[in-house]
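Order of the sequence lines sets the chain letters (A, B, ...), proteins ahead of strands, with each chain counted from 1.
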There are 2 protein chains.
Amino acid sequence: MNEIPPRRTLPRLDESLLKHLPPFSKLERREIRTILDQATSRRYEEGVAIFDEGAPADRFFMLLDGYVRVVRITPTGDQVTALHIPAGQLLGIAKAIGRDSYPATAMTATESIVLSWPARLWDTYVADYEGFSTETYNTVGNRLGEMNNRVVEMATQQVEQRVANALLRLINQTGRKVSDGIEIDFPITRQDLSELTATTLHTVSRLLSGWEKRGLVQSKRKRITVTNPHALVEISQA
Amino acid sequence: MNEIPPRRTLPRLDESLLKHLPPFSKLERREIRTILDQATSRRYEEGVAIFDEGAPADRFFMLLDGYVRVVRITPTGDQVTALHIPAGQLLGIAKAIGRDSYPATAMTATESIVLSWPARLWDTYVADYEGFSTETYNTVGNRLGEMNNRVVEMATQQVEQRVANALLRLINQTGRKVSDGIEIDFPITRQDLSELTATTLHTVSRLLSGWEKRGLVQSKRKRITVTNPHALVEISQA
DNA sequence: GTAGAACGTTGCGCTAAGACAAATTGTCTG
DNA sequence: CAGACAATTTGTCTTAGCGCAACGTTCTAC
């Protein structure tokens, strides 16, 4: 009954694999080859840290497969999730914004495959490879926009709207079509959702129960499927 | 009793004026001269929009004198203040992050002097002037970090802590030493503070009244002076 | 299989802070 | 200086949603 997810293996590193990823999309095969030769590839189990907040930013990373949760931990021990990163994006690019330590912790949300490079190569890549920096700054810009939206949301919306929004964002960015709707493509608990929306797992649980009764979502343990996104949009705007 | 603030005049645009500002600090006089020649200088009254959210980002700006409030307005009409920008920073740099419309509205918090350039020059400056892009990306990075902090704050802290934090940030970034403490260097209302901290003007008013009784702050209409920053730090961490 | 842990659900009471209301004070304009 | 308006203060009432507690369910390890 219970499918065992296939164990992801380190892929043969192939230029064509990277060719369509934003940071590399404008590069020649030969250039990608060079970049690949300088990369380290590694598989991470689910739920482990790729790098920790505050640690010296000596490498930067690209997520080849899987999902990563970027979290910050307050002095009082509360966790807040900043964002989820899907495969194909750079992460840990502190160097790009003039930091020399990571501003947050990156944890794998699923088993993941990650490439990484020594930080000193950053400047080289920016200088040598056309489009590399533009594309990555667009990523930074998008994240800034996302965070702005989060602030506006948290400032003006009720908990129910925020949770609805978070679900919508998750299925947009990391959704996978299934028979009865769109499923969030990685294991996510009530606690996780509450850390995304600045509320408690109890409140999230109550909301999801309610929505499930009304047929808007379906959820198993650690799995959430949105069956009626349109109704969620309604709620998020109410 | 009431000093009339001097009317700011358009300054004679001088290279040495810009030489110490981060985006230009690494440039030659000659290069700065070129940039200046391409700039338009303009004075804005207090409380007017420099550019509006959603408008095509056809220019980018540098604040030469004054303060600017960056706000977003929700569909329901609520205003949320994203940040305050002090003199010496670039703003409206949508182009830097691959946007072609402004993601927020910039309003002057005081009378201000602003330089601006047509957006098409952005790429030229990035390509031609060493350090120009690095410095501005650091600005973007700092704003991203700020917004991250805001999200964490709003997710984990009580209103009282958030307002204390906001005041501390304001006096750090835009504070002016006065006889009895540090004053926020531009007119700011309870309403403004509430839009910064995701609360209501009533709650802010109560908090300030309480702090004033305890001797931590002093406030006149539209003016706030922090007389005991250390105690505010205590509150912000409580 | 069984024990224990991790995850999820639900009920109840409480409180921080928002909503509403009304009065006061300061500022600007003609 | 009167009148209008903007900003602030303060009081009372209400409620969203948090904290706590108890219990159910699913998964994992041995």
Would you please name every residue forming a side chain to side chain contact (heavy atoms under 4.5 Å, CB included) with A/Thr74, sequence neighbours left out? A/Thr76, A/Asp78, B/Val152, B/Thr156

Give one of base, sugar-phosphate or nothing for B/Gln158, where a contact means two heavy atoms less than 4.0 Å apart. sugar-phosphate

Once rounded to the nearest 0.5 Å, what's the spacing between atom CZ of B/Phe61 and atom OG of B/Ser112? 12.5 Å

For residues 187-208 of chain A, which residues have at least one heavy atom under 4.0 Å from DNA chain C? A/Thr189, A/Arg190, A/His202, A/Ser205, A/Arg206

Rounded to whole angstroms, how far apart are CD on A/Glu45 and P on D/dT28? 13 Å

Under 3.5 Å, which donor-acceptor pairs link side chains of residues 231-238 of chain B to any protein atom two or more places apart or in another chain?
unit_1, atom_1, unit_2, atom_2, d
B/Ser236, OG, B/Val233, O, 2.8

Considering residues at least two apart in sequence or located in another chain, which fulfil the salt bridge (Lys or Arg N to Asp or Glu O under 4.0 Å) criterion with A/Glu183? A/Arg176, A/Arg223

Write down the distance between CD (A/Gln157) and P (D/dG17), rounded to a whole number of angstrom. 11 Å

Does either side chain, that of B/Thr174 or that of B/Arg169, offer a donor lying less than 3.5 Å from an acceptor on the other one? no

Please work out which of the three classes, parallel, tilted or perpendicular, describes the rings of A/Tyr67 and A/Phe186, given edges at 30° and 60°. tilted

Check: B/Val159 main-chain N/O paired with B/Thr197 side-chain donor or acceptor under 3.5 Å: no

Can you list, in residue-number order, the parts of residues 218-229 of chain A that come under 4.0 Å of DNA chain C, counting heavy atoms only? A/Arg221, A/Lys222

Axis-to-axis angle across the helix from C/dG1-D/dC30 to C/dG30-D/dC1, five pairs each end, nearest 10 degrees, ~ 50°

